[in-house]
Student: 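Once you've had a glance at the structure underneath, I'll fire off some questions.
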Amino acid sequence: MSEHAQAAATMEPLFNPLSPEFICDPYPHYERLRRTDPVHITAHGMYLASRHAEVSLVLRDKRFGKDFVERSKRRYGSKIMEEPIFRSMSHWMLQQDPPDHTRLRGLVVKAFTARRVEDMRPRIQEVVDQTIDRVAERGHMDLIEDFAFRLPVTIICDMLGIPEEHREAFYTGSRDGGRILDPVPLTPAEIAQGNAGNLMAQMYFQQLFELRRKNPGDDLTTQLVQAEEDGSKLSTEELTANIILLFGAGHETTVNLIGNGLLALHRNPDQLALLKANPALIVNAIEEFLRYDSSVQLTGRVALEDIDGLADKNIPKGETVLCLLGSANRDPAVYPDRPDRLDITRQNVRPLSFGGGIHFCLGAQLARIEAEIAISTLLRRLPELRLDDAENPEWRPTFVLRGLKRLPASW
Ligand code: HEM
């Protein structure tokens, strides 16, 4: 029996992103998708691209866009846009098409240029050192909560001008929002939870806007509040939504780059030893961590016109194509030398983990530098550090955002 027929016979779906087994290790499933059905129609009627060629094309081709409002209405009915979380997301630059996307991205892009981010190195180093100072005597920590999480939160708080005395709540707050991004229908309870989180964030950021109107600073919030006051550049809803996006995107992903990278290194002791012996390999190692176990696994686009021949499928206008970034990153057509192996010396690593095309991640360079400084400083300052259980880590139950709940380590 062919593998396709076998899967059908056992009724096991090729793509079941919330099954614990899939979350734990999606890669054998990706391999099967790429090999047997590279543009697969999911149980929810979406087209799932798993090869590098199609993923890369869909992200960059202008015949695809976000079409967020219409897409959401098609899936949930027109009342969905009355839900605060959906209203808010509809204003994210991440969910917008040109010309609104171009306008919103243009307002913040300067804060993320390679030069500006390079200038942040000393501050990033300081935060990493302080984080290690807090735990060095203990001999034990959770690498997620005590280490990986604190850096990106602190840096995005700096960038948004969030005062020091407000930050503790962000370090200790719950991180349950990720489910809203997953490519399966949300239950009313999940939408209600999304609304509650969104309303809390709106309340906080409105206070911050007041503060920055009275006391302008050299930060992104001040910059956007001023653009909003100007009237023509940004509406109040867009201001709030995009600050929430920047805050979330600024840490939920980078924490997992650091966490997944540290896990991959400790599961491959030869690579860990190699990096310790050659610290300069860290820059290439970060690209390899991004490729090997991406902290964002998937993003989507909508066909803005009928598309013929995406692999063996025709995509009718209005249909959603899900792009499996984590699968494209292990496609042997692009990485012929054992793509399932972690190899920090691999050449020509160009992961799709930051997306591609007009939505290419705004924070890519920032995330790279944060991870580079975090991981290399940890290896240098706590060289004896070992994971308590590298073989059975606890994954968060979300699919788009791939990361660990905790990663206990001792030294
Ligand atoms: C490892 C860390 C990160 C990963 C893997 C990641 C991944 C991504 C991906 C895949 C996209 C594009 C989604 C699409 O095409 O639909 C994206 C967009 C975006 N990212 Fe990141 N991101 C990371 C870190 C950051 C950081 C640190 C920030 C900000 C401080 C950030 C802000 C954004 C924003 C604002 C967008 C939307 C850009 C647009 O729509 O034009 N990201 N990110």
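All residue numbers refer to positions in the sequence shown, counting from 1. For ligands, and for the atoms within them, numbers begin at 1 and follow the listed sequence.
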Student: Measuring from the heavy atoms of E370, does anything fall under 4.0 Å of ligand 1?
Tutor: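 Distance cut 4.0 Å: E370 fails for ligand 1.
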Student: For ligand 1, does H101 get within less than 4.0 Å through its side chain, its backbone, both, or neither, judged by non-hydrogen atoms?
Tutor: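 It is the side chain that gets close, since no backbone atom is under 4.0 Å.
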Student: Is the contact between T299 and ligand 1 made by the side chain, the backbone, both, or neither, using heavy atoms and a 4.0 Å cut-off?
Tutor: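 Under 4.0 Å from ligand 1, T299 contributes side-chain atoms alone.
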Student: Please write down residue, atom name and distance for the protein heavy atom closest to atom 13 (C) of ligand 1.
Tutor: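 Protein heavy atom at minimum distance: L94 CD1, 3.5 Å.
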Student: Give a yes/no on ligand 1: does F112 have at least one heavy atom closer than 4.0 angstrom to it?
Tutor: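 Yes, F112 has a heavy atom closer than 4.0 Å to ligand 1.
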Student: Considering non-hydrogen atoms of the protein only, which is the closest contact for atom 25 (C) of ligand 1, and what is the distance?
Tutor: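 For atom 25 (C) of ligand 1, the nearest protein heavy atom comes out as A249 O, 3.3 Å.
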Student: Is it true that R402 and D293 have a side-chain N and a carboxylate O under 4.0 angstrom from each other?
Tutor: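 Looking at D293 together with R402, the answer is yes, because their closest N to O distance falls below 4.0 Å.
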Student: Is there a donor in the side chain of N198 and an acceptor in the side chain of Q202, or the other way round, less than 3.5 Å apart?
Tutor: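 Per modelled atom types, N198 and Q202 side chains form a pair under 3.5 Å.
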Student: Looking only at heavy atoms, is any part of R105 under 4.0 Å from ligand 1, and if so is it the side chain, the backbone, or both, or is it neither?
Tutor: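 The answer is the side chain.
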Student: Which of the atoms of ligand 1 are close to I156, meaning less than 4.0 Å from one of its heavy atoms?
Tutor: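 Near I156, the atoms of ligand 1 are 30 (C).
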Student: Provide the number and element of each atom of ligand 1 under 4.0 Å from a heavy atom of L257.
Tutor: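 In order of numbering, the contacting atoms are 1 (C).
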Student: Between K66 and ligand 1, find which residue part has any heavy-atom pair under 4.0 Å and reply side chain, backbone, both or neither.
Tutor: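 Contact part for K66 vs ligand 1: side chain (C-beta onward).
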Student: Side chains of T377 and D129: donor-acceptor distance under 3.5 Å anywhere?
Tutor: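 Result is no, nothing qualifies.
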Student: Using a strict threshold of under 4.0 Å (side-chain N to carboxylate O), is an ion pair present between D67 and R74?
Tutor: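 A salt bridge is present here (some side-chain N lies under 4.0 Å from a carboxylate O).
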Student: What protein heavy atom sits nearest atom 20 (N) of ligand 1, and how far off is it?
Tutor: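 Sorting protein heavy atoms by distance from atom 20 (N) of ligand 1 puts C361 SG, 3.2 Å first.
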Student: Out of all atoms in ligand 1, which are within 4.0 Å of some heavy atom of S295? Include the element for each.
Tutor: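 Selected atoms, number and element: 1 (C), 5 (C).
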Student: Ignoring hydrogens, just give me the one of A371, A367, G363 whose non-hydrogen atom is nearest atom 31 (C) of ligand 1.
Tutor: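 Comparing heavy atoms across A371, A367, G363, the nearest one to atom 31 (C) of ligand 1 lies in G363.
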Student: Among protein heavy atoms, which lies nearest atom 12 (C) of ligand 1, and at what distance?
Tutor: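 Checked against all protein heavy atoms, atom 12 (C) of ligand 1 sits closest to H359 O, 3.4 Å.
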Student: Give a yes-or-no answer on whether the side chains of S376 and R380 include a donor-acceptor pair shorter than 3.5 Å.
Tutor: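 No - no donor-acceptor pair under 3.5 Å links their side chains.
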Student: Should K313 and D37 count as an ion pair when the cut-off is N to O under 4.0 Å?
Tutor: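 Answer for the salt bridge query: yes.
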Student: In terms of relative ring orientation, are Y30 and F399 parallel, tilted or perpendicular, with 30° and 60° separating the classes?
Tutor: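 It falls in the perpendicular class, over 60°.
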Student: Counting non-hydrogen protein atoms only, what is the nearest one to atom 23 (C) of ligand 1? Give residue, atom name and distance.
Tutor: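 For atom 23 (C) of ligand 1, the nearest protein heavy atom comes out as T253 OG1, 3.2 Å.
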Student: Tell me: protein heavy atom nearest atom 7 (C) of ligand 1, and distance?
Tutor: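 For atom 7 (C) of ligand 1, the nearest protein heavy atom is S353 O, 3.4 Å.
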Student: Can you find a pair of side-chain heavy atoms, one from N260 and one from S294, that are under 4.5 Å apart?
Tutor: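 The answer is no, as the side chains (C-beta and beyond) never meet within the 4.5 Å cut-off.
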Student: How close does the nearest protein non-hydrogen atom get to atom 11 (C) of ligand 1, and which residue and atom is it?
Tutor: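 The answer is F354 O, 3.8 Å.
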Student: Any luck finding a side-chain donor-acceptor pair between Y292 and D343 under 3.5 Å?
Tutor: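 Short answer, no.
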Student: Considering only NZ, NE, NH1 and NH2 on the basic side and carboxylate oxygens on the acidic side, decide whether R121 and E118 come within less than 4.0 Å.
Tutor: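 A salt bridge links R121 with E118.
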Student: Looking at E288, K276, R341, which one forms a side chain to side chain contact (heavy atoms under 4.5 Å, CB included) with Q271?
Tutor: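 Of E288, K276, R341, side chain to side chain contact (heavy atoms under 4.5 Å, CB included) with Q271 is met by R341 alone.
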Student: Will you find, in the side chains of H140 and D388, an N or O donor that is under 3.5 Å from an N or O acceptor?
Tutor: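 Note: H140 and D388 side chains meet the donor-acceptor criterion.
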Student: Which ligand 1 atoms are under 4.0 Å away from a heavy-atom of M93?
Tutor: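 What qualifies from ligand 1 is 39 (C), 40 (O).
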Student: Using heavy atoms and a 4.0 Å limit, tell me yes or no: is I358 in contact with ligand 1?
Tutor: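 Right, I358 reaches ligand 1.
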Student: If we only consider heavy atoms of R301, is any one of them less than 4.0 Å away from an atom in ligand 1?
Tutor: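 Yes, R301 has heavy atoms under 4.0 Å from ligand 1.
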Student: Any chance the rings of Y204 and H166 have centres within less than 6.0 Å?
Tutor: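 Yes; H166 has its ring centre under 6.0 Å from that of Y204.
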Student: Starting from atom 36 (C) of ligand 1, find the nearest protein heavy-atom neighbour and note its residue, name and distance.
Tutor: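 I find the closest protein heavy atom is L362 N, 4.2 Å.
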